[in-house]
Amino acid sequence: MSDTAQAPNPADFSQNEKPRDYTASVTVRGTISISIQADSQEDAKRQAEAEIAKMEAERYVEIDDIDEIELDRVYKDRPMYRVTREGKPMQVSHLDPGDVPRAADERGF
């Protein structure tokens with residue numbers, strides 16, 4: 001007997017086809033102003049760099065002024081397989097070994 005788990009058969013799983021769901025990818029170029037109190041320009045620059053690092057880590061920013069905004073593309077969302085994984089019901093785009101098929105609940109999840 002092999003220690004490697006066998007990949008699940010996609011045909012065994014129900015799917016949420018998401019017939020009306022699309023995703024729009026948008027690129028935004030803008031300006032952010034950060035108020036800083038510092039003893040020197042070098043100190044202000046260090047503080048600004050720290051704020052930028054924080055924004056990158058949190059992956060969130062509020063733009064003060066939008067310079068350019070562009071629709072890159074619109075695409076159809078992928079169907080999601082309804083599975084039980086590690087005892088929890090979920091919807092996933094890719095099946096993993098050990099996923100168990102399940103039926104949709106009353107909300108279609």
Give the cluster check for [X] versus [Y]: same hydrophobic cluster or not, with ILVMFWY residues linked at side-chain heavy-atom distances below 4.5 Å.
| X | Y | answer |
| --- | --- | --- |
| Val100 | Leu95 | no |
| Ile63 | Tyr60 | no |
| Met90 | Tyr81 | yes |
| Tyr75 | Met80 | no |
| Ile52 | Val28 | no |

Arg78 side chain reached by His94 side chain, heavy atoms, under 4.5 Å: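 A side-chain contact exists here, since the closest heavy-atom pair is under 4.5 Å.
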
Less than 4.5 Å apart, any side-chain heavy atom of Val26 and any of Ile69?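 The answer is yes; the side chains approach within 4.5 Å.
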
Kindly check if the number of other-residue, nucleotide or ligand heavy atoms within 6.0 Å of [atom1] ([X]) is above 12?
| X | atom1 | value |
| --- | --- | --- |
| Lys18 | NZ | yes |
| Asp39 | CG | no |
| Glu58 | CD | yes |
| Lys54 | NZ | no |
| Glu49 | CD | yes |

Among side-chain atoms of Asp64 and Thr31, is any donor-acceptor pair under 3.5 angstrom? no

What pair of heavy atoms forms the shortest contact from [X] to [Y], and how long is it?
| X | Y | answer |
| --- | --- | --- |
| Phe13 | Pro101 | CE2-N, 3.3 Å |
| Arg102 | Ser14 | O-OG, 3.2 Å |
| Ala24 | Val74 | CB-CG2, 4.2 Å |
| Gly108 | Gln91 | O-NE2, 3.8 Å |
| Val61 | Met55 | CG2-SD, 3.5 Å |

Using the side-chain hydrogen bond (donor to acceptor under 3.5 Å, both in side chains) rule, take Thr84 and Asp99 through it: C-alpha gap first, then chi angles, then the decisive distance, then the call. CA-CA 6 Å; Thr84 299; Asp99 286 346; over 6 Å; no

Just how far is it from atom [atom1] of [X] to atom [atom2] of [Y], taken to the nearest 0.5 Å?
| X | Y | atom1 | atom2 | value |
| --- | --- | --- | --- | --- |
| Ser33 | Asp65 | OG | CG | 8.5 Å |
| Arg20 | Asp77 | CZ | CG | 12.5 Å |
| Ser35 | Gln47 | OG | CD | 11.5 Å |
| Glu68 | Thr27 | CD | OG1 | 8.5 Å |

Do any N or O atoms from the side chain of Arg82 and from the backbone of Gln15 form a donor-acceptor pair under 3.5 angstrom?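 Such a contact is found between Arg82 side chain and Gln15 backbone.
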
Could you go step by step and tell me if Arg85 and Val92 meet the side-chain contact (heavy atoms from CB on, under 4.5 Å) rule? CA-CA 10 Å; Arg85 184 178 286 173; Val92 298; 3.7 Å; yes

